[in-house]
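Some notes on the structure that comes next.
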Amino acid sequence: MSVLTSDFEQPTMDDYPTRKDTTPALLYRRDATVWGEADGGPIDQAGLDQYDDRGYLQIGSLISTEELEKYRAELRRLTEDPELKNDERVVVERSSDEVRSVFEVHKVSEVFADLVRDPRVVGRARQILGSDVYVHQSRVNYKPGFGGGDFFWHSDFETWHAEDGMPRMRAVSISIALTDNYVHNGALMIMPGSHTTFVSCVGETPEEHYRASLRHQEIGTPDQSSLSILAGKHGIDVLTGPAGGATMFDSNCMHGSGGNITPFPRSNVFIVFNSVENTCVEPYAAPARRPTFIASRDFTPVR
Ligand code: 6CS
Ligand code: FE
């Protein structure tokens, strides 16, 4: 009996084609949402069920008031650090030169490095992803008062799949509020349940797309008809809550946030954990990998 062996690399099946066609498409999710168990960490079964159903879970108070003060002081220090000002990891607002985000903040700041390793944070990520995890991306978003720009509707996974080569939907983001999130100062909005549909976007990823997309994303944002279908089916939740609270959300949730014209900043620290069983390969729809400060290639599990 002859054994067929292929001496060429089988093309990796792409269950989530995007930025390849001239027409958008709504595709079924082909991955679990919750990969771990209730006895595998601090989230109880009801919490896991809610995450599975809505694609996100809010934690009322994750860090204490004292810790909050420490992180806020670090936030201020980062914006005032002259070294950082010209660092490419610092992204400024389109409308001003106010800092919009600082990327790779867990490497820039020991204070935020400790937060990434905190069992209250990484323990929840391991539980949801059912494996060891590494940091795919971290950032602090400032969303300053009187001008913090919006983040149009998007699925993070669509970008991470297309531009970073993330194979499957087995990553979780945790956004920890460092200021109070009100309905009026640009709180995160999520379509609950939208994580079960992959919106295949049109358009082609330009060279060095991140230089534009991190300030204002256009390529890789869904078309209005797809967004209307999802919003009609799932509605829109506005995630408000006091500083110190957190939201964990699935990589494929359709989410966005409005601009901030109030005097009250909406700052958060945002950490993306990816399963070590889902490490990034080559981009599925981009001419080149993004820089490692946006999409880490260090797959060392967080200890
Ligand atoms: O492109 C990215 O990776 C980033 N962009 C947005 C709007 N959300 C996810 C991530 O931080
Ligand atoms: Fe996002």
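In each ligand, atom 1 is the first atom listed, and ligand 1 is the first ligand listed. Model, not experiment: these values are computed from the prediction.
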- Task: Would you check whether Arg290 reaches within less than 4.0 Å of ligand 1, judged by its heavy atoms?
- Result: yes
- Does Tyr210 have a heavy atom less than 4.0 Å from any atom of ligand 1? no
- Sole candidate of Val122, Ile176, Ile174, Leu62 that passes side chain to side chain contact (heavy atoms under 4.5 Å, CB included) when paired with Leu115: Ile176
- Contact (N/O only, under 3.5 Å) between His255 and ligand 1: no
Parallel under 30°, tilted from 30 to 60°, perpendicular over 60°: which one fits the rings of [X] and [Y]?
| X | Y | result |
| --- | --- | --- |
| His161 | Tyr16 | perpendicular |
| Phe293 | Phe103 | perpendicular |
| Tyr182 | His184 | parallel |

- With distance as the sole criterion, is a donor-acceptor pair present between the side chains of Thr300 and Asp298 under 3.5 Å? yes
- Query: Of the choices His216, Gln137, His154, which has the non-hydrogen atom that lies closest to atom 7 (C) of ligand 1?
  - Reply: His154
- Item | Name of whichever N/O/S atom of Asp156 is nearest to the Fe ion (ligand 2) | OD1
- Part of Leu214 within contact of ligand 1 (heavy atoms, under 4.0 Å): side chain
- Message: What I want to find out is whether Asp250 reaches Arg29 closely enough, with some N-O distance under 4.0 Å, to be called a salt bridge.
- Response: yes
- Message: Between Asp164 and Arg289, does any side-chain N to carboxylate O distance fall below 4.0 Å?
- Response: no
If you count the atoms of ligand 1 from 1 in the order shown, which ones are under 4.0 Å from a heavy atom of [X]?
| X | value |
| --- | --- |
| Phe151 | 7 (C) |
| Thr159 | 1 (O) |
| Phe270 | 11 (O) |

- Query: So, does Thr18 use its side chain to make a donor-acceptor pair with the main chain of Ser200 at under 3.5 Å?
  - Reply: no
- Message: Quick test: of every protein heavy atom, which one is nearest to atom 5 (N) of ligand 1, and how far off is it to 0.1 Å?
- Response: Arg139 NH1, 3.7 Å
- Write out the residue and atom name of the closest protein heavy atom to atom 8 (N) of ligand 1, then the distance separating them to 0.1 Å. Asp156 OD1, 3.0 Å
